[in-house]
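Throughout, a chain's letter reflects where its sequence line sits, starting with A, and its residues are numbered from 1.
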Amino acid sequence: MRQLTDSQSQAVHHKDGPLLVLAGPGSGKTRVITHRIAFLIESGVRPYNICAITFTNKAAEEMRQRAYSFGSSAGAQISTFHSLCVRILRQYSTQAGIKPGFTVYDDSDQSKCVKEAIKKCELDTSSFAPSKMLNAISTLKNKLVDPETFKAEAYDFFSNKLSKVYSHYQQLLSERNGLDFDDLLMKVAFLIRDCTEVRDELNNRYKYLLIDEYQDTNHAQYTIAKYLASSHNNICAAGDPDQSIYRWRGADIKNILAFETDYPNAMVVKLEENFRSGESILRKADNLIAYNKNRKVKVLVPTKTEPGFVDVSGYSDEAQEAQMIAEQIRNLALKGVSLKDVAIFYRVNAMSRVIEEAFVRNNINYQIVRGVEFYRRKEIRDLLAYLKVLVNPDDEVSLLRIINTPSRGIGKVTLDKVKYFASVNGISMFDALGKAGQISTISKGTQAKLAVVHNMLVQFQKDASGKAAPIAERVFKESGLEKMLQAEGIEGENSLENVSELINAASKFDQQPAATVSEHGELVETNLLDFLQQISLFSDADAYDTSTECVALMTLHAAKGLEFDNVFIIGLEEGILPHERANISGDEDELEEERRLFFVGITRAKSALYISFAKYRTIRGQTLRSIPSQFLYELDRDFEKKQKPESYSDSQLEEYSDFEDQQEESEEFKTGQLVRHGSFGLGRVKKFVDMGANSIVQVQFNTGKTKSLMLKYANLTKVDN
DNA sequence: CATAGCCGCCTTTTT
DNA sequence: GGCGGCTATG
């Protein structure tokens with residue numbers, strides 16, 4: 001085990017009071033937190049009084065294991081903000097005004113609820129798109145604006161409508177005893193703000209608070225942290241403003257920048273040495289991030305003696321890019337590189353497909369780090385919906401999903417009648433099912449069908465307070481789900497396998513020593529509800545399996561916190577990275593976040609970094625000529641001159657030559673200039689990035705679309721106003 | 001009431 | 001290019 005450096009050691013051994021660890025990439029930040037947990041325990045703090053918050057469940061699990069290896073840290077609360085909130089809400093459900101068996105609603109459940117809410121407000125879903133509404137609601141919740149507060153300040157037309165949707169949406173969730181991701185944070189923030197009894201208890205329990213990736217906390221999380229530490233101020237925040245990549249989700253970089261103002265007596269430790277990457281890699285990262293204006297300047301100090309290796313290659317299209325990468329990886333493997341040490345990063349999930357195809361062709365093992373995908377499968381969602389109803393009979397979304405799955409001859413008309421009966425009598429739909437015999441509008445035969453389902457669920461419920469796996473298995477067999485899949489023949493085989501994988505996961509969860517430990521040190525047994533609530537908080541990064549010999553494919557966002565010897569970052573093109581959606585408001589902040597995202601990707605690489613772009617890329621079935629990302633010039637202004645013609649296939653050589661031709665003088669385009677484009681028509685210049693012959697103009701066209709165009713190909717003509 | 005087939009929608013990143 | 005939802009048909 002490497003020795004701690006002076007500054008690392010300073011952070012680790014800080015005893016009481018606020019501490020800010022400003023850490024660059026690869027500076028051993030997470031290690032400092034783990035050592036600090038060990039130090040606190042050594043100096044007499046009970047593990048039970050420590051709370052460490054990480055960004056993903058995976059990170060929490062790793063930190064838990066490392067902390068264990070230092071000695072008995074059992075009982076320390078190490079989890080994500082969301083998991084912590086679930087715990088708090090269950091423990092203090094009465095004070096929070098919710099029932100402890102609540103369901104955590106994922107985005108598809110949310111979307112069902114918001115659609116209903118929009119309907120109730122008599123708005124049409126075309127001008128009030130559910131996704132827009134959900135986004136807006138999420139932003140409000142992250143800012144801790146509840147429906148009542150928002151209603152009071154909603155003056156304009158849109159806010160007014162949004163406020164109504166928001167109220168109805170919250171109403172629906174609360175009737176169903178469901179909480180969405182943002183509710184978990186908001187409810188806890190309000191609970192500890194308003195309820196002094198709970199705040200005191202939590203302050204008493206969590207005497208030391210450690211928060212990793214503090215740059216990505218949103219206002220709700222910030223508030224929770226503030227109240228959790230309010231009596232003792234033993235808060236240790238660690239993060240890197242240059243790695244803030246979740247602004248779009250409400251993360252506020254100001255939280256870390258203002259830490260010293262929030263906690264005036266804070267000790268600040270800077271970790272600027274980088275133990276991860278070779279010098280040439282770090283220099284590129286430095287060059288790039290220096291273009292961000294909105295930052296505190298810091299330089300990465302390399303400590304590795306090996307220089308590292310950086311390659312920037314242009315390919316003709318995404319298929320060639322993928323094939324060349326596959327070949328390079330095969331070469332690396334021949335040289336003895338383990339596939340575990342190779343990763344591919346991309347901006348959007350859809351870009352993984354071409355790489356996958358190339359890897360299959362070339363016989364390269366890979367895994368896509370996309371954890372939530374498994375839980376989105378129909379058969380998995382069906383079984384989970386049954387289990388959710390057992391634990392939370394108010395969960396109408398899940399109940400409606402399963403009531404006729406497998407089909408039992410219960411249709412929409414019948415369900416409408418049941419729903420009407422439920423609302424007239426002020427009971428839940430589940431209870432209305434139990435009284436199906438009293439619903440006179442429904443035929444005797446259908447009444448009987450409803451009663452059968454209700455009876456079945458009631459029978460299942462008797463086992464629902466125990467372990468997860470046995471009840472999951474029982475429900476799968478007795479509900480008819482298994483028969484339904486078996487009847488599908490070969491098509492259903494895959495589904496059957498998935499279900500048994502889920503049941504395996506459940507039984508693994510059941511056997512796990514409980515992560516929760518009571519004050520007196522005894523393990524708290526987990527049950528079905530714990531399982532359901534845990535998997536609903538699963539994230540992509542959580543699915544990353546470090547034990548198998550294969551290349552990891554993931555988005556740049558999922559790459560946060562990881563490191564690899566060899567890193568490939570693909571699709572360095574305008575519109576992809578930076579992503580076109582990040583430019584819609586013409587907001588410089590969004591471009592800076594894209595730059596930070598690339599920065600995060602670069603700084604994952606330990607010894608070799610391969611960056612690539614393609615001249616043509618097919619997106620959503622459309623092949624478009626693409627422009628190398630402006631970020632490539634920022635890494636290295638001469639990057640294009642250094643391009644090897646060999647990296648293009650023969651047929652592309654000719655095209656390459658016009659690429660190389662950068663003698664002509666570029667014409668200046670000012671923001672606001674009216675221009676005409678051959679196919680897009682009239683538009684106005686929003687931005688001009690001067691790169692000599694490779695200058696990029698961003699034009700907002702009258703069609704409403706904004707495009708980034710490479711000046712020398714775009715054939716733009718200026719139009720007088 | 002079930003099923004198949006079609007249309008139209010979106011599609012950045014995710015706890 | 002993929003999925004969800006709607007409609008028409010049996």
Taking all non-hydrogen atoms of both residues into account, name the closest pair between A:Leu288 and A:Glu634 and its distance.
CD1-OE1, 3.6 Å

Could you check whether any side-chain heavy atom of A:Val600 comes within less than 4.5 Å of a side-chain heavy atom of A:Leu556, counting everything from C-beta outward?
no

Taken to the nearest whole Å, CG/A:Asp180 to P/B:dT14 is 18 Å

Over all strands shown, is A:Phe81 touching base, sugar-phosphate only, or nothing at heavy-atom distances under 4.0 angstrom?
nothing

Ionic contact status for A:Glu573 with A:Arg625, cut-off 4.0 Å
no

Is there a stack between A:Trp248 and B:dT13, judged by ring centres under 5.5 Å and planes under 30°?
yes

Any side-chain N or O of A:Asn404 below 4.0 angstrom from OP1/OP2 of B:dA2?
yes

Aromatic A:Phe599 / basic A:Arg596 pairing, under 6.0 angstrom, 45° off normal:
no

Name the nucleic acid region contacted by A:Ser83, choosing base, sugar-phosphate or nothing; use a 4.0 angstrom heavy-atom cut-off, strictly under.
nothing

Looking at A:Asn349, does any N or O in its side chain come under 4.0 Å of the phosphate oxygens OP1/OP2 on B:dT14?
yes

In whole angstrom, what separates A:Leu179's CG from B:dT15's C1'?
14 Å

Spacing of A:Ile224 atom CD1 relative to B:dT15 atom C1', expressed in whole Å:
12 Å

Does a nitrogen or oxygen in the side chain of A:Ser131 sit under 4.0 Å from OP1 or OP2 of B:dC10?
no

Please determine whether a side-chain nitrogen or oxygen atom of A:Thr555 lies at a distance below 4.0 Å from atom OP1 or OP2 of B:dT14.
yes

Given atom CG of A:Leu450 and atom C1' of B:dC1, what is their separation to the nearest angstrom?
13 Å

Under the 3.5 angstrom rule, does the side chain of A:Gln533 hit a backbone N or O of A:Phe102 as a donor-acceptor pair?
yes

Roughly, in whole Å, what's the span from CG in A:Leu591 to P in B:dT13?
19 Å

Atom C1', compared across B:dT13 and C:dG4: separation rounded to whole Å:
22 Å

Once you measure the plane-to-plane angle for A:Phe181 and A:His82, does it fall in the parallel (<30°), tilted (30-60°) or perpendicular (>60°) bin?
perpendicular

With respect to the side chain of A:Arg581, which nucleotide from B:dT11, B:dA2, B:dT14 is positioned closest?
B:dT11

Base, sugar-phosphate, or nothing: which does A:Ile245 touch, judged by heavy atoms less than 4.0 Å apart?
nothing

Taking 5' to 3' order, which nucleotide of DNA chain C is first and which is last to have an atom within less than 4.0 Å of a heavy atom in chain A?
C:dG1 to C:dG5

Starting at atom CG of A:Asn57, determine the distance to atom C1' of B:dT15, rounded to an integer number of angstrom.
8 Å

Distance, rounded to the nearest Å, where A:Phe181 contributes CZ and B:dT15 contributes P
8 Å

Please name the residue in the list A:Asp183, A:Asp395, A:Asp180 that meets the side chain to side chain donor-acceptor pair (under 3.5 Å) test with A:Tyr105.
A:Asp395

At 4.0 Å (heavy atoms only), tell me whether A:Arg353 reaches a base, stays on the sugar-phosphate, or touches nothing.
sugar-phosphate

Does any part of the side chain of A:Ile569, heavy atoms only, come nearer than 4.5 Å to the side chain of A:Ile344, both counted from C-beta?
no

Atom-pair distance (CZ on A:Arg596; P on B:dT13), nearest Å
18 Å

Here's a test of your reading of the structure: between A:Thr80 and A:Val348, which maps to the more 5' nucleotide of DNA chain B?
A:Val348

